[in-house]
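By convention in this document, chain letters (A, B, ...) are assigned in the order of the sequence lines, proteins followed by strands, and residues within each chain are numbered from 1. These values consider heavy atoms only, across backbone and side chains, with no hydrogens, waters or symmetry-generated copies.
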There are 2 protein chains.
Amino acid sequence: MTVSGTRTAAPTLDEVALRAGVSRATVSRVVNDSPRVSAEAREAVQAAVAELRYVPNRMARSLVTRRTDTIALVLSEPDTQVFSDPFFASIVRGLSRALAETDLNLVLLTARDAREQEKIGRYARRGHVDGVILMSLHREDQLPEVLAAAGVPLVLCGRPFDGRPVAYVDADNVGGGRVATEFLIAQGRRRIATVTGPQDMIAGVDRFQGHRAALEQAGRRLEPGLVAHGDFTEAGGARAMAELLDREPGLDAVFVASDPMAVGALRTLQAAGRTVPGDVAVVGFDDAAVAQTCDPPLTTMAQPLDEMTPLMTELLLQQIDGGPQADSRVCATHLVRRASA
Amino acid sequence: MTVSGTRTAAPTLDEVALRAGVSRATVSRVVNDSPRVSAEAREAVQAAVAELRYVPNRMARSLVTRRTDTIALVLSEPDTQVFSDPFFASIVRGLSRALAETDLNLVLLTARDAREQEKIGRYARRGHVDGVILMSLHREDQLPEVLAAAGVPLVLCGRPFDGRPVAYVDADNVGGGRVATEFLIAQGRRRIATVTGPQDMIAGVDRFQGHRAALEQAGRRLEPGLVAHGDFTEAGGARAMAELLDREPGLDAVFVASDPMAVGALRTLQAAGRTVPGDVAVVGFDDAAVAQTCDPPLTTMAQPLDEMTPLMTELLLQQIDGGPQADSRVCATHLVRRASA
DNA sequence: GCCGAATGTGGAAGCGCTTCCACGAATGTC
DNA sequence: GACATTCGTGGAAGCGCTTCCACATTCGGC
């Protein structure tokens with residue numbers, strides 16, 4: 001260890017081999033847990049590895065194994081406020097936790113525009129990553145095609161728009177939207193509005209779809225006046241709620257397709273002098289942390305992220321290992337009752 | 001392109017060389033923009049590259065150049081809610097934008113505990129990354145030492161606790177705390193409280209320090225009863241504010257060391273029937289997006305993240321290229337007046 | 001018109017690793 | 001006790017790339 005910042009010369013396989021009194025090949029076998037090694041050899045190597053503080057050079061290894069032990073989380077989003085979305089935060093956290101078990105690393109990539117998507121396509125081809133998890137996908141995004149064509153193992157976070165055979169993990173958003181709305185109906189609410197998510201994202205579409213289905217099943221019709229579109233952000237929710245209040249002052253419930261939006265809606269409602277849940281019942285979606293701390297605490301649909309993120313990595317890993325390409329899972333959502341409805 | 005997901009065999013340097021009718025060495029020169037290549041050779045190679053859709057194999061290149069074109073953003077944090085912190089989100093966004101210009105990639109790593117910090121140390125040694133940006137550092141963290149000892153180029157987001165010579169980029173947190181408090185004093189507020197950040201993080205310490213300095217300069221004393229410690233989260237801010245209100249019902253202003261905490265404080269204040277800014281003036285810190293949307297919009301200290309993230313990458317790149325090891329920058333903060341004070 | 005310098009190019013070495021292959025030793029089988 | 005197997009090991013090739021070195025060329029200066 002030198003005084004200046006010079007990187008200490010890293011030991012190589014040969015040095016370990018020399019010290020352990022075996023060949024490079026044997027060291028490699030030990031390091032890679034090959035069974036074809038005698039106990040003594042193994043111990044000698046392990047001792048040498050420990051003494052030398054040997055760490056394999058990942059580049060050299062990747063060059064021959066064609067594996068990088070790196071997977072990419074790609075955000076198809078014009079980066080504005082995605083990062084602040086608690087849903088994104090949960091995914092990253094869950095993924096990084098699931099990956100901590102393995103020795104895979106998580107590369108975060110954002111694709112602001114077509115040019116960047118192209119850059120990511122290039123990056124993913126040629127084995128710079130072993131696989132990709134794609135989230136925050138929009139209807140027109142070409143990335144799944146590009147990646148699939150390049151043969152890059154791929155798992156989508158959220159089902160694809162078309163029925164294309166690709167692996168994905170999703171929450172049951174349709175079911176969630178339905179349950180939330182049914183709950184509002186069961187409460188005896190008469191004029192139930194909704195703030196949807198963006199309609200170019202599948203979660204936005206599906207939750208809205210579930211809402212409509214519940215309404216129709218109860219013999220009601222979806223009234224256009226009771227629908228406003230948001231963008232999954234708090235500000236967007238506040239705006240949409242204002243729109244709704246403007247058009248339909250008599251509404252007495254609202255299903256909001258994400259918690260951040262619901263928080264925004266809450267604020268608008270309170271600013272307009274409505275009590276929650278007295279005048280207006282509010283049900284959100286996500287069960288984000290903020291749902292517990294906002295005022296009143298939010299009744300919301302929980303999606304089992306704890307289940308979903310390990311599933312994504314599992315599906316991806318399995319695919320990397322040559323498993324099925326289009327295995328998918330849909331996870332159940334459930335209602336978490338708090339004070340807003 | 002085969003029908004199944006088989007990765008199309010990627011062209012290598014040799015194939016390009018063959019097609020262009022030159023040697024491997026020449027192709028490499030063209031790809032790496034070496035000037036020592038004739039115009040014809042360059043054109044021939046470029047044509048071949050385009051036809052073959054050649055992309056260099058990064059692993060092979062890294063093996064010889066000792067560069068990975070990857071930098072790591074390391075979060076030294078028991079991952080709980082860091083990701084939801086808008087400050088973190090802004091840093092990631094800024095960094096990934098700054099890096100988009102180059103062809104560097106951002107690896108996100110979290111170090112939940114000592115074991116993981118060790119893992120990261122191993123990862124960073126042996127050139128798996130060209131450099132590290134370390135954020136969310138706590139007083140006892142060993143990571144800077146480990147990394148510095150390994151000779152890994154390093155830039156801290158926030159100054160180190162001791163005066164150790166290491167590159168960092170920080171906001172002028174002391175100055176910010178002072179300005180915020182002076183502003184409250186100038187308003188004629190008599191009993192000014194503070195909700196601090198965690199005191200094992202430098203930003204928490206410095207902002208508190210600035211607060212105290214302003215008080216003393218105005219001939220006042222820091223009263224322990226007017227100080228509560230938070231953890232930079234909204235829930236923590238709400239809790240601390242409740243504590244404060246409990247101890248000092250007569251307070252008429254509070255400097256809160258982060259915007260998420262300020263939002264929590266706002267909620268507590270309103271729940272306690274205090275008007276803001278009528279009864280209690282509130283000044284936050286960060287100028288996060290939420291500062292504009294909360295009610296009332298938050299008067300807060302802005303730190304110039306737009307300046308800071310490019311600076312971090314610049315400092316790191318410069319260090320990677322063999323530049324100075326301990327160059328640092330402190331960026332000015334400024335007050336953003338909104339409605340809460 | 002000759003010599004040294006500048007210039008473009010190809011050959012070849014080697015980055016650190018995995019893995020195929022061959023080989024000798026140990027084991028099992030009749 | 002002779003043979004076929006298995007097992008552990010080392011040698012060596014080679015992953016795709018960069019770069020040093022040597023070798024033509026071409027050029028300008030006298």
Side-chain angles (χ1 to χ4, degrees), chain A residues 7-46 48-49 52-70 103 122-123 125-130, chain B residues 7-46 48-49 52-70 103 122-123 125-130:
Chain A
R7 200 169 287 212
T8 53
T12 71
L13 251 200
D14 295 81
E15 301 173 42
V16 177
L18 198 65
R19 179 163 206 126
V22 298
S23 74
R24 270 224 301 289
T26 300
V27 176
S28 177
R29 288 191 197 98
V30 172
V31 170
N32 294 298
D33 281 330
S34 160
R36 314 199 137 310
V37 178
S38 68
E40 311 108 84
R42 164 163 287 120
E43 269 170 39
V45 170
Q46 279 165 346
V49 164
L52 261 27
R53 314 195 67 216
Y54 169 75
V55 183
N57 179 318
R58 190 177 296 246
M59 298 313 139
R61 172 181 290 176
S62 295
L63 184 56
V64 23
T65 58
R66 267 62 235 295
R67 297 251 298 202
T68 61
D69 292 331
T70 298
D103 50 20
R122 265 206 322 277
Y123 183 74
R125 275 173 48 210
R126 291 311 298 275
H128 296 199
V129 298
D130 292 341
Chain B
R7 201 168 290 212
T8 53
T12 71
L13 253 200
D14 295 82
E15 300 173 44
V16 177
L18 198 66
R19 180 160 204 131
V22 299
S23 74
R24 271 227 299 291
T26 300
V27 175
S28 178
R29 287 190 198 99
V30 172
V31 171
N32 293 297
D33 280 331
S34 159
R36 313 201 135 311
V37 178
S38 67
E40 310 108 85
R42 162 160 289 120
E43 268 170 41
V45 170
Q46 280 166 345
V49 164
L52 262 25
R53 310 195 68 215
Y54 169 74
V55 182
N57 180 319
R58 191 179 296 246
M59 299 312 140
R61 171 182 290 177
S62 295
L63 184 56
V64 24
T65 59
R66 267 64 236 295
R67 299 251 303 207
T68 59
D69 294 329
T70 298
D103 49 21
R122 265 206 322 279
Y123 183 73
R125 276 172 46 210
R126 292 313 300 273
H128 296 199
V129 298
D130 292 340

In whole angstrom, what separates [X]'s [atom1] from [N]'s [atom2]?
X       : N      : atom1 : atom2 : answer
B:Arg58 : D:dG16 : CZ    : P     : 17 Å
B:Arg67 : C:dC15 : CZ    : C1'   : 16 Å
A:Leu18 : D:dG10 : CG    : P     : 12 Å
A:Asn57 : D:dC17 : CG    : P     : 17 Å
A:Glu40 : D:dG10 : CD    : P     : 12 Å
B:Leu63 : D:dC17 : CG    : C1'   : 8 Å
A:Arg61 : D:dC17 : CZ    : C1'   : 20 Å
A:Met59 : C:dG14 : CE    : C1'   : 18 Å

| query | If only side-chain N and O atoms of B:Arg66 are considered, is one of them under 4.0 Å from the OP1 or OP2 phosphate oxygen of C:dG16? | reply |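 True: B:Arg66 side-chain N/O within range (under 4.0 Å) of C:dG16 OP1/OP2.
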| message | For a quick test of reading the model: is some side-chain N or O of A:Ser38 closer than 4.0 Å to OP1 or OP2 of D:dT9? | response | yes
| query | Rounded to the nearest 0.5 Å, how far does CG of A:Asp14 lie from OG of A:Ser23? | reply | 10.0 Å
| Helix axis bend for the helix from C:dC2-D:dG29 to C:dC30-D:dG1 - C1'-based end axes, five pairs, 10° rounding |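 The angle separating the two end axes equals 30°.
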| A:Asp69: partners by side-chain contact (heavy atoms from CB on, under 4.5 Å), with sequence neighbours left out |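 So A:Asp69 forms a side-chain contact (heavy atoms from CB on, under 4.5 Å) with A:Arg58, A:Arg67, A:Leu104, A:Asp130.
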| message | Quick check: closest heavy atoms across A:Val37 and A:Arg29, and the distance to 0.1 Å? | response | CG2-CB, 3.5 Å
| query | Which heavy-atom pair separates B:Ala48 from B:Ala20 by the least distance, and what is that distance? | reply |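 Minimum heavy-atom separation between B:Ala48 and B:Ala20: CB-CB, 3.9 Å.
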| task | State, yes or no, whether a side-chain contact exists between A:Thr12 and A:Asn57 at a heavy-atom distance under 4.5 Å. | result | no
| query | Considering only side-chain heavy atoms of B:Thr12, which listed nucleotide, C:dT18, C:dG16, D:dG16, is closest? | reply |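 When the side chain of B:Thr12 is considered, D:dG16 is the closest of C:dT18, C:dG16, D:dG16.
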| query | If you check the A:Ala25 side chain, which of D:dA12, C:dC17, D:dG16 turns out closest? | reply |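 Of D:dA12, C:dC17, D:dG16, D:dA12 is nearest to the side chain of A:Ala25.
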| query | Which ones in residues 26-37 of chain B lie close to DNA chain D, meaning a heavy atom under 4.0 Å from one of its atoms? | reply | B:Ser28, B:Arg29, B:Asn32
| field | Name of the residue among B:Val64, B:Thr65, B:Leu63 meeting side-chain contact (heavy atoms from CB on, under 4.5 Å) with B:Arg61 | value | B:Thr65
